[in-house]
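First listed ligand is number 1; within each ligand, the first listed atom is number 1.
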Amino acid sequence: MMTNEQLAELIFKDVTTTLDDLERRYPKRTLKQGAEVTRFAPSPTGFLHTGSLFTALICKKVASQTGGIFYLRLEDTDTKREIQGSKFELLNQLSIFGVTPSEGFLGDREVGEYGPYVQSKRADIYKVAIKHLISIGKAYPCFCSQEELNEIRANQEAHKIMPGYYGQFAKYRFLNNDERAKLIQEGKPFVIRFKSSGSHLHKIKVKDLIRGEFEIAQNDQDIVIYKSDGLPTYHFAHVVDDHFMRTTTVIRGEEWIASLPIHVELFDALGWEAPNYAHLPVIMKLDENNHKRKLSKRLDKEAAVSYFLEDGYPPKSLIMYLMTIANSNFEEWIFAKHFKDMDEFEFSFSKVSLEGALFDIGKLNFFSKEILALLSKEQITDMIKDYASKYDDKLLSLINRDPNYFMNIMNIEREKENPRKDYYRFKDIYDSILFFYDDKYEEITNNNPLQFNPKFDKVVIIDILKDLKDNLPYDNVDESTWFIALKDTAFKHSFAPNNKTYKQDMDKYLGVVADVAEMLRISITTRKQSPNLFYCLQVIGKERIDKRIDYVINYLQK
Ligand code: GLU
């Protein structure tokens with residue numbers, strides 16, 4: 001009878017490398033005590049998911065705060081699902097968010113001694129491990145056709161038995177090696193399956209850095225480890241790669257917890273120590289009915305990181321926001337640091353909340369406002385230009401009319417102790433600054449009637465505007481001098497200097513100074529709310545203000 005070694009030799013005659021050779025080729029890393037080796041292992045099957053960015057962020061953080069290594073491995077064994085170009089896009093997006101790996105597949109090159117870092121280029125390595133498993137009787141060729149698999153499943157369903165290819169149902173587990181060799185020599189197609197020795201009726205203890213130790217049913221499935229295309233499945237590739245790339249901590253989404261018993265059994269069968277595992281909570285959102293559900297690629301625009309880039313969120317705000325989902329103590333910490341830099345924050349697995357991973361766009365917007373408010377006028381102008389050149393042609397052409405003028409607009413109430421926090425994404429900038437441009441100002445006023453307070457007679461408004469035009473100082477004044485002049489003009493037209501005075505003598509006054517400021521604001525900015533009026537006027541300048549006032553007077557007289 002053919003031995004297991006002979007069967008292994010028959011299937012993989014070309015494989016002469018041994019596991020020992022691989023141990024020597026990929027020696028243990030020499031890193032300082034406590035340094036963690038983490039990896040981000042995306043499949044090139046589409047866009048970068050927000051949940052994947054979350055995982056990559058934690059991988060990078062853990063590696064950097066322990067003086068370890070963060071590398072990228074491309075998991076492309078599912079060749080049918082690969083989307084051309086997505087591997088480069090993934091790397092590009094990681095770099096935009098500052099989550100770049102220092103080792104592994106980096107797009108145009110590979111860096112590091114533990115490669116290749118692209119799974120489809122590692123077929124020879126997997127074969128060594130599979131040959132070994134066959135030779136020790138822990139793996140076997142399976143010749144099951146699709147029809148046979150369907151039959152097994154139908155039978156299990158009919159008898160309400162747990163589905164799968166395991167135990168007595170693992171039909172080809174029971175062939176002897178001579179029978180296997182015969183079928184192989186006849187050219188019958190096959191895959192290689194792992195021969196599990198577990199039972200789903202038994203529980204094993206597994207450890208997770210976030211959840212601690214817990215019990216889970218043992219694996220008993222004879223999973224496919226080697227497909228007919230010569231590549232391994234995810235489970236097998238994960239075990240081999242994380243062993244030989246010397247990963248210390250596998251950080252991945254919690255959807256992989258269910259597969260942990262398979263991975264633990266594979267590590268054991270190969271005689272290797274398993275790495276630590278941390279399964280991050282899946283990011284959820286509240287739907288319209290206030291029910292929690294997973295962020296969905298299909299339903300939620302915020303599931304793809306490209307959405308945040310296209311809408312012009314500063315990448316840092318999404319990253320900081322994701323860190324609040326990771327560790328609840330981060331929010332207080334970053335507040336205390338005034339949103340400046342999170343490098344010194346100490347991430348901890350024990351503080352990952354399993355319930356708290358709810359995506360809250362309101363909080364992200366808030367973070368974003370804080371971060372944008374901190375930028376200098378040059379920084380924000382550069383970021384907006386970069387955004388506009390990629391995503392917003394209209395905004396770009398507005399900026400290009402006069403970049404300095406645009407920078408002055410962006411500088412309104414910036415670079416001061418309490419900067420204004422009105423933008424959270426660049427997508428909104430175009431509409432909000434249109435009124436600063438004369439042709440756009442006219443377009444707006446032609447299309448939308450100016451919303452003056454109907455309480456005040458047109459004649460009163462016209463009179464006040466004329467007076468403001470003639471008497472309000474604009475050049476070389478500070479805000480308080482300007483405001484005193486505004487108050488004086490208001491008073492002249494029977495508007496009280498404040499609410500208290502107005503309420504005390506409502507017969508005497510038509511309104512308050514704020515009403516007069518609103519008349520001016522609407523006339524110059526077309527809206528009831530705008531950035532600080534004094535600064536808007538400074539940016540627009542006396543000559544154009546006069547023109548706008550004349551224009552509005554004319555408009556009101558029609
Ligand atoms: N390629 C797997 C995925 O994209 C990676 C899972 C892991 O990190 O091990 O989900």
- Which residue and non-hydrogen atom of the protein lie closest to atom 1 (N) of ligand 1, and at what distance in Å? E75 OE1, 2.7 Å
- Which protein non-hydrogen atom lies closest to atom 8 (O) of ligand 1, naming both residue and atom, and how far is it? R39 NH1, 2.8 Å
- In ligand 1, which numbered atoms sit nearer than 4.0 Å to a non-hydrogen atom of W256? 6 (C), 10 (O)
- Provide the number and element of each atom of ligand 1 under 4.0 Å from a heavy atom of S43. 1 (N), 4 (O)
- F12 ring center within less than 6.0 Å of Y226 ring center: yes
- Would you please indicate yes or no on a ring centroid separation below 6.0 angstrom for Y166 and H200? yes
- Item | Any side-chain donor near an acceptor of the partner, D222 and S196, under 3.5 Å | no
- Measure from the ring center of H238 to the ring center of F236 and say whether it is less than 6.0 Å. no
- Between V250 and ligand 1, is there a nitrogen or oxygen pair with a distance under 3.5 Å? no
- Answer yes or no: does atom CD of Q84 have more than 12 heavy-atom neighbours from other residues, nucleotides or ligands under 6.0 Å? no
- Answer with yes or no after comparing the ring centroid distance for Y313 and F308 against a 6.0 Å cut-off, counting only values under it. yes
- Do any nitrogen or oxygen atoms of Y234 lie less than 3.5 angstrom from nitrogen or oxygen atoms of ligand 1? yes
- Query: Of the protein's non-hydrogen atoms, which lies at the shortest distance from atom 5 (C) of ligand 1, and what is that distance?
  - Reply: A41 O, 3.1 Å
